[in-house]
2 protein chains.
Amino acid sequence: MVNKISTQTLFPNFDSSLLKNILEHSTIVEAQAGTVLMRTGQYIRNTVLVTQGKIKIYREDDEGKEFFMYYLLPGQACAISMICATKSEKSQIMAKVVEDAELIMVPLQLMDKWMTEHRSWYEFVIDTYRSRFEEVLIVIDSIAFRSMDERLEFYLKRNARTNQTNDIQISHQEIANDLSSTREVISRLLKKMEQRGFVKLHRSHIELLK
Amino acid sequence: MVNKISTQTLFPNFDSSLLKNILEHSTIVEAQAGTVLMRTGQYIRNTVLVTQGKIKIYREDDEGKEFFMYYLLPGQACAISMICATKSEKSQIMAKVVEDAELIMVPLQLMDKWMTEHRSWYEFVIDTYRSRFEEVLIVIDSIAFRSMDERLEFYLKRNARTNQTNDIQISHQEIANDLSSTREVISRLLKKMEQRGFVKLHRSHIELLK
DNA sequence: GCTACATTGTAACATTTATCACAGACTACT
DNA sequence: AGTAGTCTGTGATAAATGTTACAATGTAGC
């Protein structure tokens, strides 16, 4: 059952009739860290709102290689699941839970219906499109224009910002996967960053110093 | 003055009252090949519909380096100019006319107003978001997962498809700019592709053989 | 035809990133 | 404490891409 109070806090711009609709017609799903919520090529049947936890959104290639694009946090929605809504298309991305999550699943027909009935839903959807599009453009910048050491720095900073801590719990291997590079390259670049005083390295854990 | 017949042909899904609104309230702009329609950082005041010509959309970095993302063709609209509409934000991209173009400029307030008033406009906007988002994801694939020779092949094929010809009028230098590489690298890779029988090289002009 | 300019070809070399190989260090579990 | 597994460090080497330098060719304008 959806908790009205917390939903209201997380989505403060939703009007009360929309909130009521959400509480009545959506289902709640809990997903443990590690779960793959959505795979490339699967059909999308719901628009996903996040109320708890943390989700990573990836682009996959044919051989299963992953490329990290952005995080989904409480109060946010999956833009792809909205975009595909109108056409009930296949997912273009992979979504992986990295911290135990609670999700509101809104059936696609409602997602579409509410666009005309609830101004606050319409604005939320448009704003989700906008902010994700912008985020994806910044991701393009980093791969199109930057070398691996700059991308790594960008990655660490973004991770620290998202998780609101300078202690990043992650292995070199996972960073390498996210950046579509290799572990040795990341280890070496991190070592150089440590020598420059930018980070302090620990096992499965990187401390950002500035 | 907007030509009603051609607009109707290019945007067949627009209902007649929407068409009437467009003809009344929008302005037509003609732009010659070479014109930069929009620069990164400029404020967006209109949503742009293309009725004639060809436009290339780029992402720019701080030092003015360009990275080509996609084409805008007649019957299409600039997704970024729609996305920024609601917030009247700064442009995140650069738009360059590559074939003399005719554009319909829809003031931002109307773009937003019509979303609720014209179902066909709403659907057009949502579909523009969707298709551009998907296109951008494919662009991410090509830079995240592919090496330069594969990206070049992808680039040439896309160019041929968009321009509906296997004779691509372009210099090695321009390809290098679009892919954020260098002319020498592109020349070398093209030479190899020619040896493999994939293309035939001419001056300022590449013939795609398969 | 001559000249200036844009375009292409290519060699030599530098740098960045990836791959292979292996060792040492830490952790979890029994 | 011992063992298996994960994580990190690092050297050697290969491959891809970028840089520098210069020559050759085609084109446009006079």
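Residue numbering restarts at 1 for every chain, and letters A, B, ... go by the order of the sequence lines.
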From [atom1] of [X] over to [atom2] of [N], roughly how many Å is that when rounded to an integer?
| X | N | atom1 | atom2 | value |
| --- | --- | --- | --- | --- |
| Gln173(A) | dT19(C) | CD | C1' | 13 Å |
| Gln169(B) | dT27(D) | CD | C1' | 14 Å |
| Gln195(B) | dG9(C) | CD | C1' | 12 Å |
| Asp149(A) | dT17(D) | CG | P | 18 Å |
| Ile186(A) | dT10(D) | CD1 | P | 16 Å |
| Leu201(A) | dA25(C) | CG | C1' | 14 Å |
| Ile175(A) | dT17(C) | CD1 | P | 15 Å |
| Arg151(A) | dT17(C) | CZ | P | 9 Å |

Inset, instruction - Kindly assign one of parallel, tilted or perpendicular to the pair Tyr71(B) and Phe68(B), based on the angle between their ring planes and the thresholds 30° and 60°. - result: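 Tyr71(B) vs Phe68(B) ring planes: perpendicular.
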Quick one: the side chain of [X] and the base of [N], do they pair up donor-acceptor inside 3.5 Å?
| X | N | result |
| --- | --- | --- |
| Arg146(A) | dT17(C) | no |
| Arg203(A) | dT27(C) | no |
| Arg183(B) | dG9(C) | yes |

What nucleotide among [options] has an atom nearest to a side-chain atom of [X]?
| X | options | answer |
| --- | --- | --- |
| Lys191(A) | dG9(C), dG9(D), dG18(D) | dG9(D) |
| Glu184(B) | dT8(C), dC20(C), dT20(D) | dT20(D) |
| Ser147(A) | dT10(D), dT16(C), dT17(D) | dT16(C) |
| Arg188(A) | dC7(D), dT17(D), dT10(D) | dT10(D) |

Inset, instruction - Can you measure from CD (Gln169(B)) to CD1 (Ile206(B)) and round to the nearest 0.5 angstrom? - result: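 If we round to the nearest 0.5 Å, Gln169(B):CD and Ile206(B):CD1 are 10.0 Å apart.
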Inset, instruction - Using a 4.0 Å heavy-atom cut-off across all strands, classify Thr182(B) as base, sugar-phosphate, or nothing. - result: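 Answer is base: heavy atoms of Thr182(B) come under 4.0 Å of a base.
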Inset, instruction - Check the side chains of Glu150(A) and Ser147(A) for a donor-acceptor pair under 3.5 angstrom, ignoring hydrogens and angles. - result: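 Side-chain D/A pair, Ser147(A) to Glu150(A): present.
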Inset, instruction - Step by step, work out the side chain to side chain donor-acceptor pair (under 3.5 Å) result for Arg130(B) and Gln92(A). - result: CA-CA 11 Å; Arg130(B) 192 188 49 76; Gln92(A) 308 292 327; over 6 Å; no
Legend entry - Close side-chain approach of Arg188(A) and Lys192(A), heavy atoms under 4.5 Å: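 Heavy-atom side-chain distance check fails, nothing below 4.5 Å.
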Inset, instruction - Compare side-chain N and O positions of His205(B) against OP1 and OP2 of dT7(C) and report whether any pair is under 4.0 Å apart. - result: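 For dT7(C), neither OP1 nor OP2 has a side-chain N or O of His205(B) closer than 4.0 Å.
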Inset, instruction - Give a yes/no answer on whether the side chain of Ser181(B) brings an N or O atom under 4.0 Å of OP1 or OP2 in dG18(D). - result: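 Result: yes.
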